[in-house]
Structures are given as structure tokens and as C-alpha cells.
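In what follows, a structure is listed as C-alpha cells, so that the remarks can point back to it.
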Amino acid sequence: MTAAEEDRVMKAYIPFFLACALFACTACSDNDNNGNDDNNDNTDAPVEGVVPGTDHHILIAYFSEPLPDNGVDAATSASRLVVNGDVYGSVEYMASIIGEATGGDRVCIRTAEPYPQDYSALAEQANNECQNDVHPALATHIDNFADYDVIFVGYPIWWYQMPMAMYTFFDEYDFAGKTIIPFSSHGGSGWSGTVDDIAEMEPSATFVNGYSISRNNVSESADDIRSWLQQIGIIE
Ligand SMILES: Cc1cc2nc3c(=O)[nH]c(=O)nc-3n(C[C@H](O)[C@H](O)[C@H](O)COP(=O)(O)O)c2cc1C
């Protein structure tokens, strides 16, 4: 077992009730109110400040799991946003802003077997997948992946790491020579080392400084996301 695998298994054994207490509560403490709350300073991976090259073909690939507001579980309303009457998951909303600003193609990474739409069942299934290192089959297939040179990769933090579907995603595509720009939403635990995890899986990719934000701030993040896109030189 590699160090990363051991780390993943250890993280997965953090007690279930603790995570429920931490993340099922809409009043979770995030201690940030102003946009990009954590950069890539906590990563060991070499991260570029700006996107190298010109004339990019941009893909925005993201995983997002907005849960229906069933009026029972407070957590469900925390994982979906309503902006101008449209309902989004946090990461889905970030992807929409990035897509509008860059003109990149957007694709939502979906599993072949949909996740439960009940928070507790979803949390339990996600935890089981972590513990057993399950890489769930995807329904999403990107036939023209080779056409893209810059890939924004978006995901929520689940159980202190990426959802396991993201591991399947990185299994399935060759990122050698491509530029990866991560973006993420979380309930308080920031990047949780996920950029390092991706860098370990994709050692031949170039990484550019990403964007991570608490779900509590996503609905008001559009201007900050556009500022970040300017900083990394992907838009003017
Ligand atoms: C199964 C599950 C596990 C989660 N685990 C964490 C976690 O470990 N750390 C954290 O900060 N947030 C955690 N969250 C909160 C999500 O990262 C947060 O709500 C995120 O904004 C969801 O994005 P989405 O609406 O695009 O799916 C978890 C949420 C779910 C559903």
C-alpha cells in the first residue's frame, strides 16, 4: 500500500458520526467570508501561478451532488444554491461561472449508479467507498478529451478527500502534457490535500493555482472567481 493509500484509508476511518455532526449542520463554522479562503500553499505539488501557453482549448470537468430540499434534513439545503431562480450544486455553480468567463466546454462527471438523494445515505455510501477504495463506474465519457490542453477540474470535499468518482475520472484519462486547474467547494476543511492527491496520480501534468471556497460563500463568489481567472492569465 502506498503512503497515499494508507493516508486515504486512515482518513476514511474518521468516525461517521463526527463527520455528520460537522457537515450535516448548516451552521458549520467556516471562518471565512471573503472568497478564496485557501490557496495552494498547503500543497507539495509544484503549482504554476499562470497558465502556460496560448490558444487554449478549455474543458471544465466537475463533480457536484446537489441534494433535493426534502424539508427534513437541514444538510440538504446546504448543498444546493438558488441563484437568480436557478438551482445549483456549489461546484456546479463555480463551473458555470468559469464556463461563462472562459468559454470552455463544461461536462458534469456522473456515476453510472446515481448516488442516494438522502444526505445520511449518501454520506454512508461515500464513506464506504472511501474505506474500500471503490472507484465507481462513470456514466460520463469524454470522447474528445485529447482535444483539450487546459482542464479545470472541480469537486466537493467528501470525507476529507475527493469523491471517489474523481479517482475513476483520473484513472480514465491521460493528463500527460495537459494543464490542470483545480477548483473545489467544502464545508470547512479546505483543499484537504486533494491537489497533492491529483499530482500523485497525474505526475506529467502541469498544475496551476486553483480556487477553493467554503460552500457558505459560493453564491457570492462570481466576482472573486473571475478575479482568480484573471490572476492565472486565462482571461483578460
Ligand atoms: C458525503 C459528504 C461528505 C462531505 N465531507 C466533507 C468533508 O470531509 N469536509 C468538508 O469540508 N466538507 C464536506 N462535505 C461538504 C461538501 O464538501 C460541501 O457541501 C460542498 O459544497 C458540496 O458541493 P456540491 O454541492 O457541488 O456537491 C461533505 C458533503 C457530503 C455530501
Side-chain angles (χ1 to χ4, degrees), residues 7-32 35-38 42 60-70 73-83 86-99 106-111 114-132 134 136 140 152-167 169 182-195 197 210-221 225:
D7 188 38
R8 206 154 60 229
V9 170
M10 280 183 62
K11 285 172 181 170
Y13 274 91
I14 293 167
F16 176 66
F17 68 84
L18 178 60
C20 285
L22 279 173
F23 305 113
C25 167
T26 51
C28 266
S29 161
D30 296 299
N31 294 329
D32 82 276
N36 193 6
D37 52 309
D38 40 44
N42 66 347
I60 301 136
Y62 67 94
F63 179 95
S64 184
E65 193 64 42
L67 297 178
D69 184 1
N70 59 19
D73 188 336
T76 57
S77 60
S79 73
R80 64 206 286 272
L81 327 169
V82 180
V83 181
D86 293 322
V87 178
Y88 298 89
S90 300
V91 175
E92 180 183 26
Y93 180 69
M94 297 171 78
S96 76
I97 300 298
I98 296 167
R106 242 176 297 166
V107 61
C108 179
I109 300 166
R110 296 187 198 284
T111 48
Y115 281 104
Q117 292 297 290
D118 167 78
Y119 179 82
S120 298
L122 170 61
E124 190 173 1
Q125 182 171 329
N127 186 37
N128 286 338
E129 288 182 354
C130 292
Q131 287 194 31
N132 296 304
V134 172
T140 305
F152 286 85
V153 178
Y155 49 88
I157 301 299
W158 278 11
W159 290 95
Y160 304 96
Q161 63 183 60
M162 289 184 288
M164 294 307 289
M166 296 304 298
Y167 289 83
F169 176 69
F183 65 100
S184 180
S185 171
H186 60 86
S189 46
W191 287 107
S192 297
T194 53
V195 179
D197 294 341
Y211 192 95
S212 166
I213 189 170
S214 161
R215 66 183 174 199
N216 290 351
N217 298 328
V218 169
S219 63
E220 295 174 357
S221 63
I225 290 175

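Both ligands and their constituent atoms are indexed starting at 1 by order of listing.
Enclosure of atom CZ in R106 by more than 12 non-hydrogen atoms of other residues, nucleotides or ligands within 6.0 angstrom is indicated.
We find the OG-CZ distance between S221 and R215 to be 14.5 Å, quoted to the nearest 0.5 Å.
Against a heavy-atom cut-off of under 4.0 Å, S64 is close to the following atoms of ligand 1: 24 (P), 26 (O), 27 (O). Taking a cut-off of under 4.0 Å to the non-hydrogen atoms of L122, the atoms of ligand 1 that pass are 31 (C). Close contacts between ligand 1 and G188 involve ligand atoms 11 (O) [criterion: under 4.0 Å to a heavy atom]. Of all atoms in ligand 1, listed by their number and element, those nearer than 4.0 Å to a heavy atom of P156 are 17 (O), 20 (C), 22 (C), 23 (O), 27 (O). Close approach of ligand 1 to A123 is summarised as follows: ligand atoms under 4.0 Å from at least one heavy atom of the residue are 1 (C).
Considering backbone and side-chain atoms alike, P66 places every N or O at 3.5 Å or more from each N or O of ligand 1. For ligand 1, none of its N or O atoms has an N or O atom of E92 under 3.5 Å away.
Of the candidates Y88, W159, Y119, the one placing a heavy atom closest to atom 5 (N) of ligand 1 is W159. Closest to atom 4 (C) of ligand 1 by heavy atom, among I157, N217, N216, is I157.
Counted by atom type alone, Y119 and E124 present zero donor-acceptor pairs between their side chains at under 3.5 Å.
In this structure a side-chain-to-backbone donor-acceptor pair under 3.5 Å is present from W159 to A123.
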Next on the checklist: If you apply the rule side-chain contact (heavy atoms from CB on, under 4.5 Å), what do you find for N128 with V134, and how did you get there?
Outcome noted: CA-CA 8 Å; N128 286 338; V134 172; over 6 Å; no
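Every residue two or more places apart in sequence or in another chain that forms a ring-ring contact (aromatic ring centres under 6.0 Å, His included) with Y93 is listed here: Y88. With sequence neighbours excluded, the residues that form a side-chain hydrogen bond (donor to acceptor under 3.5 Å, both in side chains) with Y155 are T194.
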